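Everything numeric here is computed off the predicted structure, so don't read it as measured data. Every chain is numbered from 1, with letters handed out A, B, ... down the list of sequences.
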2 protein chains.
Amino acid sequence: MTSEVKVSVPKKEDLESGAKIRLLVVDDHPPMRMGLIALIKSQPGMDVIAEASDGEEAIEVYDDVLPDIVMMDLRMPGMGGVEAILSICKKHPDAKVIVLSTYDWDEDIHRAIQSGAKSYLLKDMSVEEIASTVREVHEGISSLPRQVAERLEERSKRQQLTERERDVLEYLIKGRSNKEIASSLYLSEETVKSHLKSLFAKLKVRDRTEAAIEAIRHGIVQID
Amino acid sequence: MTSEVKVSVPKKEDLESGAKIRLLVVDDHPPMRMGLIALIKSQPGMDVIAEASDGEEAIEVYDDVLPDIVMMDLRMPGMGGVEAILSICKKHPDAKVIVLSTYDWDEDIHRAIQSGAKSYLLKDMSVEEIASTVREVHEGISSLPRQVAERLEERSKRQQLTERERDVLEYLIKGRSNKEIASSLYLSEETVKSHLKSLFAKLKVRDRTEAAIEAIRHGIVQID
DNA sequence: CGCGAATTCCCCCAAATGGGTGAGGGCGGC
DNA sequence: GCCGCCCTCACCCATTTGGGGGAATTCGCG
């Protein structure tokens, strides 16, 4: 995959009919919700028909209003964006969700796209860029901004972590020692060290502290 | 010509309570800026007269428009909120800056208040709470929301780090070893270890990995 | 001036960590 | 069946780390 991913499935009727694109806006920050609504309403041919402040509410409201597009934040208290996207796309396979996140962390981008998001935008992008992506996604074009696509590309270059390595990393982030990780996962300490060795190699770091920071930086594991 | 609408139609509030509160909105995210502008304009008695997308621009624009209140994000590319507040308050000691941040990290709150901010709001707060704080600050009342005040309280319970301890922590976060930190700061390795000991005690952690995570969690040091 | 706090450095020593290497079992794909 | 991967565990060994002391210097504050 290169920097721009576009899969074109044009629908003439959408382009020609006067009907507006009907958006559902999901974000836990009231001012951001207001901004997105203002942004959408300022664009001809699109309108916000509903809003939600977390993943659970988003799922409910989606079923109620069946919007053309969902504009969704990723990190929200309670059910996050990824779970909401999975749930919505399972029930409505043609749902079109655009993620609008603060962070361009490669693991976040990957998780969002994997779970069914059609695009991934950043909150520091311009009104025009956001609006034009809404239009593209509505036309069935699944496009990623260059900056985001690059991050996804970087991720693919980084070797994938195995399940066990992720488990170890999770405890590592909590500040646990090898011994503690071993007993938590019912492993010998030697096995934990073994996983750590490959983990360090894959993350290209020398020690656990660097690993923790890299993991946080890439969004591989969440803090809090 | 007599085509100025502003002059001809004065609002009721303007007549009763004098002029509107004039706001400067500073945030690097276009949709958030739109949201804050929409939020302010939806409130009677206040108006947005200018906007900026980073610290430097904020300083310039402040001098130009001399707003009654600044609504400022903390983490922005280039010059951040803290530096901007310091610069503005130095030149205009009666400036009223309200920080509007995503994070309730105690160090962020402390730095903002120390540098001269009159209040610290979170982006997940309601429109009403944000608006009422603007009014309070404009009346000269410097109030902190309970949630934020509690965080600040927690911080005061944690022992302050010394300058040197911060220096060591900074390199620690970068994944440096004791030896590397020592040579970077022109210290003996023993001195670094000495600072680390008190650092661990103050942060109530057992090792450097926990220290790194705690430091990030509290916003003591920035990642990226 | 005495006190505390910060900074610098030292010693000792136990424990934890990280690197190298190897090895057996399981499981899926060609 | 064989190959590659994952998972498990083991041993050796050097280095790093962290905890316990102590000590000299500076510097500001009452």
Indicate whether OP1 or OP2 belonging to dT7(C) is found under 4.0 Å from a side-chain N or O atom of S194(B). no

Take atom CG of L185(B) and atom C1' of dA6(C), then tell me their distance rounded to the nearest Å. 15 Å

Distance-only donor-acceptor check, side chains S194(B) and T191(B), under 3.5 Å: no

Winner on side-chain proximity to H195(B), out of dT8(C), dT8(D), dT17(C), is dT8(C)

Does a side-chain heavy-atom distance below 4.5 Å link L161(A) with K202(A)? yes

Before you tell me yes or no, could you show the steps for D68(B) and R22(B) under salt bridge (charged side-chain N to carboxylate O under 4.0 Å, His left out), namely the whole-Å CA-CA distance, both residues' side-chain angles and the distance that decides it to 0.1 Å? CA-CA 5 Å; D68(B) 298 317; R22(B) 297 156 57 253; 3.8 Å; yes

Assuming nearest nucleotide by heavy-atom distance, tell me which of K193(B) and Q160(B) is located more 5' along DNA chain C. Q160(B)

Integer-rounded Å distance: dG19(D) P and L199(B) CG: 11 Å

Selected nucleotide, minimal atom distance to T162(A) side chain, candidates dA10(D), dC7(D), dG19(D): dC7(D)

Do side-chain atoms of R151(A) reach the backbone of H110(A) as a donor and acceptor pair under 3.5 angstrom? no

Please work out which residues in residues 200-215 of chain A have a non-hydrogen atom less than 4.0 Å from an atom of DNA chain C and list them by number. F200(A), R206(A), D207(A), R208(A)

Under 4.0 Å, counting only non-hydrogen atoms across every strand here, what does E163(A) touch: a base, just sugar-phosphate, or nothing? sugar-phosphate

By the 4.0 Å heavy-atom rule, please label K179(A) as base, sugar-phosphate, or nothing. sugar-phosphate

Nearest-nucleotide pick for N178(B), side chain only, options being dT17(D), dA6(C), dT8(D): dT17(D)

Length of the CG-P vector between L196(B) and dT16(D), whole Å: 14 Å

Measure the angle between the two terminal helix axes of the helix from dC1(C)-dG30(D) to dC30(C)-dG1(D), five base pairs each, and quote it to 10°. 40°

Rounded to the nearest Å, what distance is computed from the CD atom of residue E190(A) to the C1' atom of nucleotide dT17(C)? 11 Å

So, using ring pair (Phe, Tyr, Trp, His ring centres under 6.0 Å) as the criterion, who are the partners of Y62(A) when residues are at least two apart? H92(A)

For the pair made of CD in E189(B) and C1' in dC11(C), what is the distance, rounded to whole Å? 14 Å

Of the nucleotides dC11(C), dT17(D), dC9(D), which one has an atom closest to the side chain of L187(A)? dC9(D)

Option from Q222(A), R217(A), R155(A), H218(A) for which side-chain hydrogen bond (donor to acceptor under 3.5 Å, both in side chains) with E107(A) holds: R155(A)

Name all pairs fulfilling the salt bridge (Lys or Arg N to Asp or Glu O under 4.0 Å) condition that reach into residues 169-188 of chain B, sequence neighbours left out, sorted by first residue then second. R206(A)-E180(B)

Take the protein atom NZ of K197(B) and the nucleotide atom C1' of dA6(C), then report the distance between them rounded to whole Å. 16 Å

Set of side chain to side chain contact (heavy atoms under 4.5 Å, CB included) partners for E153(B), sequence neighbours left out: S156(B), K157(B)

Using the side chain to side chain contact (heavy atoms under 4.5 Å, CB included) criterion, which residues pair with A212(B)? Sequence neighbours excluded. T209(A), I173(B)

Rounded distance in Å - CD (E165(B)) to C1' (dA6(C)): 9 Å

Using whole Å, what does the distance between atom C1' of nucleotide dT16(D) and atom CG of L172(B) come to? 13 Å

Is any side-chain N or O of T191(A) closer than 4.0 Å to OP1 or OP2 of dC9(D)? yes

Nearest to the side chain of S188(B), heavy atoms from C-beta on, is which of dG19(D), dG19(C), dC9(C)? dC9(C)

Do L24(A) and I69(A) have side chains that get closer than 4.5 Å, going by heavy atoms? no

